[in-house]
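Accompanying notes for the structure given below.
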There are 2 protein chains.
Amino acid sequence: MIDNLDYKILEILQKDNLTPQREIGDKIGLSAPAVQRRIKKLRDEGIIEKDISIIDRDKIGSNVTVLVEIFLERKKIEEIDLLKKEFSCVPEIQQCFHITGESDFFLVMVVPSMTYYESITRTLFFGNENIKRFRTSVVMGISKNSLEIPLNVSL
Amino acid sequence: MIDNLDYKILEILQKDNLTPQREIGDKIGLSAPAVQRRIKKLRDEGIIEKDISIIDRDKIGSNVTVLVEIFLERKKIEEIDLLKKEFSCVPEIQQCFHITGESDFFLVMVVPSMTYYESITRTLFFGNENIKRFRTSVVMGISKNSLEIPLNVSL
DNA sequence: AATGAAATGAGAGCGCG
DNA sequence: CGCGCTCTCATTTCATT
């Protein structure tokens, strides 16, 4: 269904999706239209979810990144789904992981200040009776920040 | 230096960087060349870090996402920097946060299996004498996964 | 069914006023 | 900044294997 050439294309696009199709073709030994057809298929099938620009958060106003671990009172699937949906709507929440272990959710958040974070916790966490407690870590530095999937293909 | 129109452009590009410049121009009330000049400036200044395709990890082989919290023995800046550099080279590590609080690092990793993860921990964590202990959480589901920065601009 | 070559069309890039 | 040009690149068509 998805062969080695597709993997090679994905490997290139997840590093730089503005790479010309002809250039991709040269690298993997295919013509530009062939590459184009494969990319279209990958998009149609949702294997390529989206195409985005990554913004340097340090160069754009003052932003604080915080990590939040959340411990729930009740862990029924309906309650989990409810929280997922609620968190998804909050723009300050970049990433939301539902996890196993001691805690139940893990969030990566970006806020303009700690004061702002404090105020947002009041409604988002303290205001939710199903959240038993939460633990906040402040990020000092980000040395790697990508969503690249390891594909193990060589160009 | 960077005005409201730039913010609006960033807001669009961080959702979809394949949006035509003319379409962006229509939305924010600018001509296509003007948009292009601004985008070029944003790229040159590194405010736009990179442009990438996001791949759906669930549709591409079997992948397990794990979160790792790391507690260090010594927390000198040289030791921190050394670890940052080491972690950055590991393709399975998507994100590496240096944090304050009880623990020192937080990693988001993507691995083909838990067996693979177990073997990678042997060299990466157990093999490092500065890592006191680490705590692993397995991700059951990801309900939000973006690197969008909240910009608070309305289109 | 998937490919490559050639033709078409859309969009990026650049100089001009 | 907008206008209009040029050129690159994406996309379609079509013949071929």
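In what follows, chains carry the letters A, B, and so on, assigned in the order in which the sequence lines appear, proteins first and then strands, with residues in each chain numbered from 1. The structure presented is a predicted model; accordingly, all values stated were derived computationally and were not measured.
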Nucleotide D:dA10, atom P - distance to CZ of A:Arg38 in whole Å: 17 Å

Could you pull out the protein-nucleic contacts involving nucleotides 14-17 of chain C (nitrogen or oxygen on both sides, under 3.5 Å)?
none

In whole angstroms, the gap separating C1' of C:dG11 from CG of B:Asp51 amounts to 16 Å

Out of B:Glu148, B:Lys144, B:Gln95, which one pairs with A:Gln95 under the side chain to side chain donor-acceptor pair (under 3.5 Å) rule? B:Gln95

Here the distance between atom P of D:dT11 and atom CG of A:Asp44, to the nearest Å, is 11 Å

Note: contacts of residues 15-28 of chain B with DNA chain C (heavy atom, under 4.0 Å) are B:Pro20, B:Gln21, B:Arg22

Side-chain contact test, heavy atoms from C-beta onward, threshold under 4.5 Å: evaluate it for A:Ile80 versus A:His98 and give yes or no. yes

Going by heavy atoms in the side chains, are B:Ile52 and A:Asp51 under 4.5 Å from each other? no

Expressed in angstrom and rounded to an integer, what is the separation of A:Ile2 atom CD1 from C:dA2 atom P? 13 Å

Result of checking A:Phe97, A:Phe87, A:Phe134 against A:Phe105 for ring pair (Phe, Tyr, Trp, His ring centres under 6.0 Å): A:Phe87

Shortest non-hydrogen contact from B:Asn152 to B:Glu11? N-OE1, 4.3 Å

Establish, yes or no, whether a centroid distance under 6.0 Å links the rings of A:Phe106 and B:Phe106. yes

How about A:Glu92 and A:Tyr117: does a side-chain donor come under 3.5 Å of a side-chain acceptor? no

Is there a donor-acceptor contact under 3.5 Å from the side chain of B:Lys8 to the main chain of B:Val153? no

